[in-house]
**Student:** 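One structure coming up, written as structure tokens, with questions to follow.
FYI, side chains are in, hydrogens and waters are out, and symmetry mates aren't considered; it's all heavy atoms of this structure. All residue numbers in this chain count up from 1 along the given sequence.
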Amino acid sequence: MELALQNRRFAARLALSATFGAFLVTSASLLALAKPAEAAPGTPPSGSALSGSAGNILPHRAVYKMSLLSARNSSKVTDVRGRMLFEWADACDGWTTEQRFQLRFAYSEGDEMAMNTNYTTWEAKDGQRYRFNVRKLINGEVDEEVRGEAVLDKDGSGSASFSKPEPQEMKLPDQTMFPTAHTLAILDHAGAGEHFFNRIVFDGADSEGATEVSTVIGTAAEAKEDTTDPLLKGKTAWPVRMAFFPLKSDAAQPEYEMSLRLLQNGVAESMQIDYGDFTVNAVLEKIEALPKSGC
């Protein structure tokens with residue numbers, strides 16, 4: 001039961017990872033940056049329709065191969081295999097994302113677990129409205145469904161309303177952001193040469209609420225030299241490292257950390273998710289452009 005719960009949390013938090021990048025820093029450095037910066041009164045959330053990065057985003061469909069990168073001696077997880085499909089589309093008045101995970105976990109006791117997760121969202125381009133729908137299957141049977149919507153005011157405060165797994169209302173604190181707005185804000189900070197960014201993010205991936213995300217952005221570089229794909233070649237890439245602190249937890253250490261290389265067009269070249277006892281690697285296998293909205 002404990003392993004099943006851990007893996008449900010792992011899949012839920014993978015949903016927040018799909019568009020972010022990689023930079024290694026110590027946990028102590030991230031903890032020192034854990035408090036979100038204050039925004040001036042009346043300032044729209046960074047990453048909204050006013051984001052300078054929004055116009056550079058490439059609507060796309062990407063497939064990532066996922067595997068176990070490393071595991072501590074204390075880890076009961078001995079292998080992770082699978083794929084993730086990620087779509088980021090322009091829907092005129094908003095951004096839509098779809099993420100599908102097919103993962104198989106192997107354990108030291110010899111057991112295996114197959115997990116399939118489908119996570120779809122719609123987010124208004126002004127960063128103030130959000131809808132989410134999550135369906136998770138374990139060994140072919142429905143394990144959890146999460147569905148709802150959320151709204152934010154100009155200061156980032158707001159509320160989330162869940163219809164599944166059960167009706168629930170939840171307040172969101174000041175300076176909350178939704179996932180796409182947060183990704184755009186990271187790109188804005190990276191483009192401006194700013195290396196530290198901290199904010200509260202609500203993704204709806206589970207019913208646990210918002211998460212404080214502490215981000216460190218590395219020095220800009222070009223995409224991998226060996227790439228020939230025109231969607232990637234010649235694009236600026238930033239290594240980004242993020243630490244995730246659930247607001248409901250009093251733990252001093254992050255629940256998990258994530259490293260990726262994020263391109264200026266919003267494509268993630270690769271990602272590593274450090275879940276404590278084990279780290280999962282995701283490598284971009286295939287990418288194709290999706291049509292722009294034309295709005």
Side-chain angles (χ1 to χ4, degrees), residues 1-22 59-71 75-89 96-122 132-147 164-165 179-180 183 203-208 229 231 244 255-262 266-290:
M1 180 63 69
E2 180 182 355
L3 285 174
L5 177 60
Q6 288 177 351
N7 288 328
R8 284 199 294 271
R9 295 289 292 154
F10 168 72
R13 289 312 175 192
L14 272 172
L16 188 55
S17 74
T19 54
F20 299 138
H60 65 279
R61 179 184 295 116
V63 178
Y64 296 84
K65 181 180 179 180
M66 307 192 72
S67 60
L68 184 69
L69 181 64
S70 63
S75 175
K76 295 183 179 180
V77 175
T78 59
D79 196 21
V80 180
R81 300 281 174 183
R83 277 174 171 75
M84 174 180 69
L85 181 143
F86 174 71
E87 292 186 4
W88 186 351
T96 63
T97 67
E98 180 175 3
Q99 298 166 57
R100 295 200 297 269
F101 305 97
Q102 294 181 332
L103 297 171
R104 182 171 292 276
F105 294 83
Y107 303 104
S108 55
E109 294 89 349
D111 295 332
E112 290 192 356
M113 177 187 293
M115 176 180 294
N116 293 337
T117 302
N118 193 318
Y119 174 67
T120 59
T121 72
W122 174 90
F132 51 92
N133 190 359
V134 187
R135 192 169 189 262
K136 307 170 195 172
L137 285 77
I138 291 182
N139 295 332
E141 300 202 358
V142 176
D143 177 70
E144 186 178 12
E145 292 187 85
V146 182
R147 182 179 300 170
K164 289 185 177 183
T180 301
T183 301
D203 64 353
D206 55 36
S207 56
E208 294 299 309
D229 194 310
L231 301 180
F244 296 77
E255 182 181 44
Y256 70 107
E257 297 181 70
M258 190 176 301
S259 300
L260 303 94
R261 279 174 57 87
L262 181 62
V267 175
E269 278 191 321
S270 61
M271 64 186 82
Q272 297 82 42
I273 305 96
D274 182 351
Y275 204 63
D277 284 346
F278 61 95
T279 300
V280 173
N281 192 39
V283 177
L284 181 63
E285 278 194 326
K286 180 181 177 182
I287 185 169
E288 60 181 297
L290 297 176

**Student:** With rounding to the nearest 0.5 angstrom, report the CD1 to CG distance, I138 to N116.
**Tutor:**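 That separation rounds to 10.0 Å.
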
**Student:** Using side-chain heavy atoms (C-beta onward) and a distance below 4.5 Å, is K76 in contact with E109?
**Tutor:** yes

**Student:** Apply salt bridge (charged side-chain N to carboxylate O under 4.0 Å, His left out) to residues K136 and E145 and explain how you reach the verdict.
**Tutor:** CA-CA 6 Å; K136 307 170 195 172; E145 292 187 85; over 6 Å; no

**Student:** What are the two closest heavy atoms between A89 and L290, and how far apart are they?
**Tutor:**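 So the minimum-distance heavy-atom pair works out to CB-CD1, 4.2 Å.
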
**Student:** Find the distance between CZ (F101) and OH (Y119) and round it off to the nearest 0.5 Å.
**Tutor:** 9.0 Å

**Student:** Please give me the minimum heavy-atom distance between A282 and Y64, naming the atom from each residue.
**Tutor:**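 Heavy-atom minimum between the residues: CB-CB, 4.2 Å.
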
**Student:** Report the distance from atom CG of L69 to atom OG1 of T279, rounding to the nearest 0.5 Å.
**Tutor:** 6.0 Å

**Student:** Under a 4.5 Å cut-off applied to non-hydrogen side-chain atoms, are T97 and T180 in contact?
**Tutor:** yes

**Student:** How many angstroms lie between OG1 in T183 and CH2 in W88, if you round to the nearest 0.5 Å?
**Tutor:** 5.0 Å

**Student:** For side-chain contact (heavy atoms from CB on, under 4.5 Å), just list the numbers for R135 and K164, CA-CA rounded to whole Å, side-chain angles, deciding distance to a tenth of an Å, and then say yes or no.
**Tutor:** CA-CA 10 Å; R135 192 169 189 262; K164 289 185 177 183; over 6 Å; no

**Student:** Does the side chain of D274 come within less than 4.5 Å of Y256's, by heavy atoms?
**Tutor:** no

**Student:** Given F244 and M258, is the side-chain contact (heavy atoms from CB on, under 4.5 Å) satisfied, shown in steps?
**Tutor:** CA-CA 8 Å; F244 296 77; M258 190 176 301; 3.8 Å; yes

**Student:** Start with the C-alpha gap between E112 and R104, add the side-chain angles, then the distance that decides, and say whether side-chain contact (heavy atoms from CB on, under 4.5 Å) holds.
**Tutor:** CA-CA 7 Å; E112 290 192 356; R104 182 171 292 276; 3.3 Å; yes

**Student:** In Å, rounded to the nearest 0.5 Å, how long is the span from CG of D206 to CD of E144?
**Tutor:** 7.0 Å

**Student:** Of the non-hydrogen atoms in L68 and T78, which two are nearest, and what is the gap between them?
**Tutor:** CD2-O, 3.2 Å

**Student:** Could you check if a side-chain atom of R83 sits within less than 4.5 angstrom of a side-chain atom of E285, using non-hydrogen atoms only?
**Tutor:**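 Yes, at least one pair of side-chain atoms sits under 4.5 Å.
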
**Student:** Answer whether the closest heavy-atom distance between the side chains of Q272 and V280 falls below 4.5 Å.
**Tutor:**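 No - every pair of side-chain heavy atoms lies 4.5 Å or more apart.
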
**Student:** Could you check if a side-chain atom of Y275 sits within less than 4.5 angstrom of a side-chain atom of E257, using non-hydrogen atoms only?
**Tutor:**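 No; the side chains remain at least 4.5 Å from each other.
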
**Student:** So, taking the atom named CD1 in I273 and the one named CE in M66, what distance separates them when rounded to the nearest 0.5 Å?
**Tutor:** 4.5 Å

**Student:** Apply side-chain contact (heavy atoms from CB on, under 4.5 Å) to V267 and H60, showing your working.
**Tutor:** CA-CA 8 Å; V267 175; H60 65 279; 3.8 Å; yes

**Student:** Do P165 and V146 have side-chain heavy atoms sitting under 4.5 Å apart?
**Tutor:** yes

**Student:** Kindly give the heavy-atom pair with the smallest separation between V77 and A71, and that separation in Å.
**Tutor:** O-CB, 3.8 Å

**Student:** Checking side-chain contact (heavy atoms from CB on, under 4.5 Å) between R61 and each of E98, K286, E87, which is the one that passes?
**Tutor:** E87

**Student:** I need the single residue from L137, V134, L103, D143 that forms a side-chain contact (heavy atoms from CB on, under 4.5 Å) with T117. Which is it?
**Tutor:** V134

